[in-house]
Amino acid sequence: MESSLNQPKSRRLLIAASGTGGHVFPAIAIAEQLPEFHIEWLGVPDRLESQLVGDRYPMHKISVAGFQQKFGLGTLKILFRLINSIRQVRQIIRRGKFEGVVTTGGYISAPAIIAARTLGLPVILHESNALPGKVTRFFAPWCTVVAIGFEVAAKSLRKAKTVVVGTPVRSQFRAALANPELPDLPIPSGVPLIVVVGGSQGAVAMNKLVREAAPAWFEKGAWVVHLTGENDPDVKSLQHPQYLALPFYQNMAALFQRADLAISRSGAGTVTELLVTGTPAILIPYPFAAEDHQAFNAMVMVRVGAAEMFRQAELSAEQLQQSVLDLLNDPARLATMSQQALSIAIIDSAERTAQLVREAL
């Protein structure tokens with residue numbers, strides 16, 4: 001007799017997630033918690049989802065773009081593409097006989113939500129940011145339920161049904177929480193460790209501040225692991241035995257758990273990982289993020305006493321240097337910051353969101 005595990009999956013779900021890791025990684029984490037569904041993916045050509053999703057799920061690609069700030073010829077072109085993309089998604093849903101749509105916001109969610117709702121299907125939208133994006137704010141009332149990463153986001157979505165579930169982190173990240181080893185980094189045990197994370201949108205200015213401030217931290221005995229990104233022209237300008245500069249690092253769960261302090265941008269995914277690992281932080285929001293949403297994310301940690309926040313334009317190397325030294329000299333405060341981060345962390349976010357999907361369908 002054939003095992004039920006090998007039976008064809010009769011339930012069918014379309015996931016629309018595109019653009020950045022902040023949209024795609026949570027969607028993958030949700031999909032992994034829905035093994036009973038046949039899942040297919042809705043994406044955009046030449047975006048990150050092709051690389052991250054790979055061949056795990058069949059991929060449909062449509063052309064869609066964000067709206068211009070001012071009405072003009074460009075807006076008309078985008079409206080035409082939106083109408084066309086809605087038509088494409090309706091065809092994909094009908095052919096695939098999907099029961100519903102899950103989306104994680106961004107431009108692709110607009111045609112996905114409209115197409116699904118005009119066909120009478122449920123839509124589950126996940127919003128990671130403390131300040132929801134424009135598309136989420138506009139279309140949230142259309143959705144069956146909006147899963148939010150931070151409770152404060154509900155204030156911007158008063159006409160929608162919202163449920164706080166946290167933001168799902170990658171399954172590899174969660175697995176590494178149980179084994180926080182860093183065998184490939186020569187960091188001595190017992191020394192203070194500062195981890196610097198620029199984020200996917202760039203941090204050249206932040207990197208410069210860190211390199212100017214770091215010598216005083218070395219004198220304190222601290223080590224610095226500096227994830228510089230791949231677009232920093234001055235990446236080799238600081239050389240020190242206690243300084244490790246890398247473009248990126250895979251095992252962020254272990255690195256954050258080992259860190260005494262993180263200096264970081266405040267994308268929703270990064271803030272979520274800092275909370276889950278209980279890592280005290282100095283947060284420097286990316287100053288050009290849409291609607292300054294990284295500052296709203298940072299304030300989630302600041303309000304509970306898990307982080308300090310500085311505006312990049314107002315922060316000097318001397319101020320950053322002293323703020324880090326003050327924290328390293330106050331282990332009790334660092335311990336309290338860690339406890340406060342863990343107090344609002346939601347580790348089982350992927351499972352919670354998957355359960356919302358089941359209930360909505």
Side-chain angles (χ1 to χ4, degrees), residues 16-27 29 44 47-49 64-69 103-110 113 125-141 143 146-160 162-169 197-206 229 262-276 279 281-304 306-315 341 344-346 349 353:
S18 174
T20 67
H23 291 302
V24 180
F25 281 129
V44 175
R47 298 302 296 271
L48 193 59
E49 58 270 21
V64 66
F67 287 93
Q68 308 284 343
Q69 291 294 319
T103 184
T104 50
Y107 300 136
I108 199 169
S109 64
I113 292 168
L125 169 62
H126 184 279
E127 173 58 57
S128 298
N129 287 297
L131 176 65
K134 290 180 181 178
V135 174
T136 294
R137 296 200 303 269
F138 187 83
F139 286 105
C143 298
V146 181
I148 52 177
F150 302 122
E151 186 175 0
V152 68
K155 294 180 180 179
S156 303
L157 304 171
R158 297 186 188 277
K159 294 182 180 180
T162 58
V163 179
V164 182
V165 299
T167 292
V169 296
V197 185
S200 62
Q201 300 200 63
V204 172
M206 191 180 90
I263 301 171
S264 177
R265 294 300 198 201
S266 48
T270 299
V271 169
T272 297
E273 292 181 353
L274 291 168
L275 293 174
V276 168
T279 308
I282 290 176
L283 299 175
I284 307 170
Y286 181 59
F288 308 109
E291 298 184 283
D292 199 27
H293 71 261
Q294 286 205 5
F296 288 85
N297 295 336
M299 286 305 299
V300 171
M301 292 188 71
V302 172
R303 286 192 191 100
V304 298
E308 296 180 358
M309 183 184 83
F310 294 97
R311 295 288 188 173
Q312 180 174 292
E314 302 166 359
L315 181 62
I344 61 170
I346 301 177
S349 174
T353 311

> Any idea which heavy atoms bring Ser128 and Pro26 closest together, and the distance?
Replying inline: OG-CG, 4.3 Å

> Between Ile346 and Val165, is any pair of side-chain heavy atoms under 4.5 Å apart?
Replying inline: no

>> To the closest 0.5 Å, what do you measure between OG1 (Thr162) and CD1 (Ile148)?
In response: 4.5 Å

> Roughly how far apart are Ile284 CD1 and Met309 CE, rounded to 0.5 Å?
Replying inline: 11.0 Å

> Which atom names give the shortest non-hydrogen contact between Ala17 and Ala27, and what distance separates them?
Replying inline: CB-CB, 3.5 Å

> Are any of the side-chain heavy atoms of Thr103 and His126 separated by less than 4.5 Å?
Replying inline: no

> Is the backbone N or O of Gln294 less than 3.5 Å from a side-chain atom of Ser266, with the two atoms forming a donor-acceptor pair by type?
Replying inline: yes

> Distance from Glu308 atom CD to Leu283 atom CG, nearest 0.5 Å?
Replying inline: 9.5 Å

> Do you know which two heavy atoms are closest between Val64 and Ile108, and how far apart they sit?
Replying inline: CG1-CA, 4.1 Å

> What are the two closest non-hydrogen atoms of Thr167 and Gly149, and how far apart are they?
Replying inline: OG1-CA, 3.6 Å

> Knowing that exactly one of Thr272, Val164, Ile344, Asn129 qualifies, which makes a side chain to side chain contact (heavy atoms under 4.5 Å, CB included) with Phe150?
Replying inline: Thr272

>> For a 4.5 angstrom cut-off between non-hydrogen side-chain atoms, does His23 reach Arg47?
In response: no

>> Can you confirm whether more than 12 heavy atoms, excluding those of Glu151, are under 6.0 Å from its CD atom?
In response: no

> With distance as the sole test, does Glu49 use its side chain to make a donor-acceptor pair with the main-chain N or O of Val44 at under 3.5 Å?
Replying inline: yes

> What's the shortest heavy-atom distance between Leu275 and Met301, and which atoms?
Replying inline: CD2-CG, 3.8 Å

> Side-chain contact, heavy-atom cut-off 4.5 Å: Leu131 with Met299?
Replying inline: no

>> Between Arg137 and Glu127, is there a side-chain heavy-atom distance shorter than 4.5 Å?
In response: no

>> Do Pro141 and Arg158 make a side-chain contact, defined as non-hydrogen atoms from C-beta onward lying under 4.5 Å apart?
In response: no

